[in-house]
Amino acid sequence: MDGLGVSFDLTVAWALLLAFAVYVYVVLDGFDLGIGILYPFFRSKEDRDLMMNSVAPVWDGNETWLVLGGGGLFAAFPLAYAIILPALYPPIIAMLLALIFRGVAFEFRWKAASPFQEWFWDGAFIGGSTVAALAQGITLGALLQGIDVDGRSYGGGWWDWLTPFSLLCGVSVVLGYAFMGATWLNMKLLGDIQHKVRRMARVFGIATVACIVLVSLWTPFLEQEYFARWFGFPEALVVAPVPLLVALIAWQLWVRIDNPGNDWVPFVLTMALFLLCFVGLGISMWPHVIPPAVTIYDAASPAKSQLFMFVGAIVLVPIILAYSGYAYWVFRGKLKPGEGYH
Amino acid sequence: MDTFMGLDAVVLARIQFGFTVAFHFIFPAFTIGLASFLMVLNGWYLWSKDQAYLNLFNYWVKIFAITFAMGVVSGIVMSYQFGTNWSVFSDRTGPVLGPLMAYEVLTAFFLEAGFLGIMLFGRDKVGNGLHMVATVMVAVGTAISATWILSVNSWMHTPAGFGVNEAGQFVPEDWWQVIFNPSFPYRLVHTLTAAYLTTAFIVGGVGAWNLLRGRRENKSVRKMFSMAMWMAAIVAPLQIVFGHEQGLNTYEYQPTKVLAMEGHFESYDDGIPLILFGIPDQEAGEMKFELAIPKIGGPILGKGWNASMEGLDTVPEAEQPPVGIVFWSFRIMVGIGFLMMGLGFWSLLSRFRGRLYDDRWLQRAALVMGPSGLVAVIAGWITTEVGRQPYVVYGEMLTSEAASPLGASAVGASLIAFIVIYFAVFGAGVGYLIKLMSREPERVEPDDEPGPLRAAGIVPGTQMPPSGRAQPAE
């Protein structure tokens, strides 16, 4: 293989690795942000304590995947990092600030010295989780609808990110995370509260699937290239399994949500649903990292940079998955009321 | 759109980065040392079975959890701020610095975060052995994290092992040289030691507070104060040596910074004075009200008594850092360093007289100096970072060309949001921390209870409500 061949492979490998990191982030932080989004529907302190405790030992690791997404983009595709972040400045800053509120709420909530403080940190958890999810969705939508590039910088205006489409994506992610949070809680909790989260899972599940349909129907009309991918012939035949699988999983979720003894099934199905959304996104965007102008090859850092990191990543990512998995294993099983970590 | 409250976008972005990074670093400066302290406490407990160490572990681990959470959320901001406010810097340095940061995430952040849950909540579930492993992993993770980010930062001061491609990007040529760039070992040692000292003084301050409140009978209180004072006595003098070594390294690679630190506007041809104090006037190019010791500046910089040196008067004004800030922040850091060493020696004196736990004035001084490490750390970072100006990558890239093409109003608005939210949220967090630190660690035995209770073999630790967080597993 010549030098060009090596760099070609590496760039694709890095694109896949980053996509993997972002997917893991979306799934993991998705359910724990979802718990914050579901908080307003649970009024009692006991319920809220339980919900928070179900993710307290793992939220920190979940959020690290977001840092890997940002850091990996900086390292493997620095040009994309340098264009996307200024272009999406307001939603990114909003997300970072929101994550501060909900992150500290995990600790501060237990230290609250007055009802006002408790109310405040509950609010920080709810608001932070919701705004972070909304901002992530808007970011996704704004990226998908295309970013103006001028030379090696962002070339658009300050409000380009704000469109009906990006807002729809924002709302979709909020609802999707809430759905994932509900199926997580269904897996972790027992009794009355479990029945309640199951009902909520149904509602948010319907809303999520409706959003997926809407976003999927809208996306091909954003760019001609997207349209050709999804509705052209013979491309449509190749991509057709994606929507079909979405339909299959949606149906399975509806049937299996009330399935005592197998409470992990709906959660796993939700993860699969998100995976399909991700695959769909990849089909639309590939090989662009910033539609419509910048491909992964345009933005790639030199082969020497990508190779240096890749050697480490290929060894370390499996190790990380192993010990992160172990941390989940340690805190597995149903959480009993009153059994708090705090 | 060009300015916001009279400041342009680059200045606002610099203020924003300085503010968010200084606020952020307060937390890791404390948690790097605290993680190691917890590792020692837990290890000592497992080895000696002395409940006093377990109680200390349980006391400090709660403080660790809150501080760590604040470090994480303020750190996520940093990992995105390069792109939001410094996109040109990101584009150009990404091929060199990006991989180092990616390695920081892969080797450190995941390790810390992955084992933190087990360290905080898992003793009952995994047993003492694996819990100890988790505690070690968290401590190791914090040190690895510091290593990578110090390598990145040092490269910005003493760039090495790179070339420039046609797009204007810095590209790696020799990774070994990039990572182990000339200032990296010095800065790493100095920074890690600073973190350990910072923690030691906070622990010492809390110990002193407890002693002053008459909790001398609590073994955990005595232990923490004693351990902290040992650190002060041994590590503070070492840190002065490490700092001096870093200074010499800086003089070799960034002489202008040292000239600003020392306030040398003039050139000398017959001995270099050591300027103790003065008011730098950069516009006039002179030190006003100068108080200096003649000649000894030469030997300090590794030169002779009658050495000559070119001062800032030989450096074009456009290449000088802001002297006043560098000069003063350096003095704050050094002053605190010597005070720390002084407290350490004082504690040795009291210790050998057998009065360590009774010397009220020592304890008052230790209490006042509790947060001094944080001040010194921030002052030190201001010295080195402001001293690098006007460059962002020393000698290679100007700060003014590194910023994102953002309007001043966008950067200004986000700056105000950061300031308001950081003070509100982290202010509340520091309040909770102080509240936790003002409490007494759980007592091993209810010493001040009347005899019969103790004779009945009461379970240790029933005096305070059980924490529920980290009971021994067996």
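To find a chain, count down the sequence lines: A is the first, B the second, and so on, and within it residues start at 1.
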Distance check, rounded to the nearest 0.5 Å: [X] atom [atom1] versus [Y] atom [atom2]?
X	Y	atom1	atom2	result
A/F331	B/I118	CZ	CD1	6.0 Å
B/L120	A/E107	CG	CD	7.0 Å
A/M309	B/L106	CE	CG	9.0 Å
B/K125	A/R332	NZ	CZ	8.0 Å
A/I93	B/T84	CD1	OG1	4.5 Å

I'd like to verify something: which residue of [options] has the highest number of heavy-atom pairs under 4.5 Å with chain A?
options	answer
B/W175, B/F68, B/Y422, B/F418	B/W175
B/G75, B/G429, B/G83, B/G114	B/G83
B/A113, B/A69, B/P99	B/P99
B/S79, B/G168, B/S74, B/S87	B/S87

Can you say whether [X] sits under 4.5 Å from chain A via the side chain, the backbone, both, or neither, judging by heavy atoms?
X	answer
B/F109	both
B/L130	side chain
B/F82	both
B/V178	neither
B/L116	side chain
B/S404	side chain
B/V72	side chain
B/Q169	side chain
B/Y80	both
B/A134	neither

Does any heavy atom of chain B fall under 4.5 Å from the side chain of [X], the backbone, both, or neither of them?
X	result
A/I100	both
A/A313	both
A/V330	both

Shortest non-hydrogen contact between [X] and [Y], atoms and distance:
X	Y	answer
B/V425	A/F108	O-CE2, 3.4 Å
B/V126	A/Y326	CG1-OH, 3.5 Å
A/P302	B/P172	CG-CD, 4.4 Å

So [Y] and [X], do their side chains get closer than 4.5 Å, heavy atoms only?
X	Y	answer
B/F110	A/I319	no
A/F101	B/I421	yes
B/I66	A/W110	no
B/F121	A/N53	no

Problem set entry | Interface residue of largest heavy-atom contact number with chain B, from A/P86, A/S324, A/P90, under 4.5 Å |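 Looking at each of A/P86, A/S324, A/P90 in turn, A/P86 comes out on top.
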
Problem set entry | Test item: side-chain donor near acceptor, A/Y89 and B/S414, under 3.5 Å | yes

Kindly say whether [Y] contributes a backbone atom to a donor-acceptor pair with the side chain of [X] at under 3.5 angstrom?
X	Y	answer
A/S305	B/P95	yes
A/Y323	B/L111	yes
A/K304	B/E173	yes

Exercise. Can you pull out the residues in residues 118-130 of chain A with any heavy atom less than 4.5 Å from chain B?
Worked result: A/W121

Enumerate donor-acceptor pairs with a distance under 3.5 Å from any side-chain N or O in residues 14-23 of chain A to protein atoms, sequence neighbours excluded.
unit_1: A/W14; atom_1: NE1; unit_2: A/Q306; atom_2: O; d: 3.0
unit_1: A/Y23; atom_1: OH; unit_2: A/M271; atom_2: O; d: 2.7

Exercise. Which pairs pass salt bridge (Lys or Arg N to Asp or Glu O under 4.0 Å) with one or both residues in residues 78-99 of chain B, sequence neighbours excluded?
Worked result: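 Residue pairs passing salt bridge (Lys or Arg N to Asp or Glu O under 4.0 Å), neighbours aside: A/R152-B/D91, B/R92-B/E401.
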
Exercise. For B/R14, does the CZ atom have more than 12 heavy-atom neighbours from other residues, nucleotides or ligands under 6.0 Å away?
Worked result: no

Let me have the donor-acceptor pairs involving side chains of residues 63-79 of chain A, under 3.5 Å, with sequence neighbours excluded, atom names and distances please.
unit_1: A/E63; atom_1: OE2; unit_2: A/R102; atom_2: NH1; d: 3.0
unit_1: A/T64; atom_1: OG1; unit_2: A/D60; atom_2: O; d: 2.9

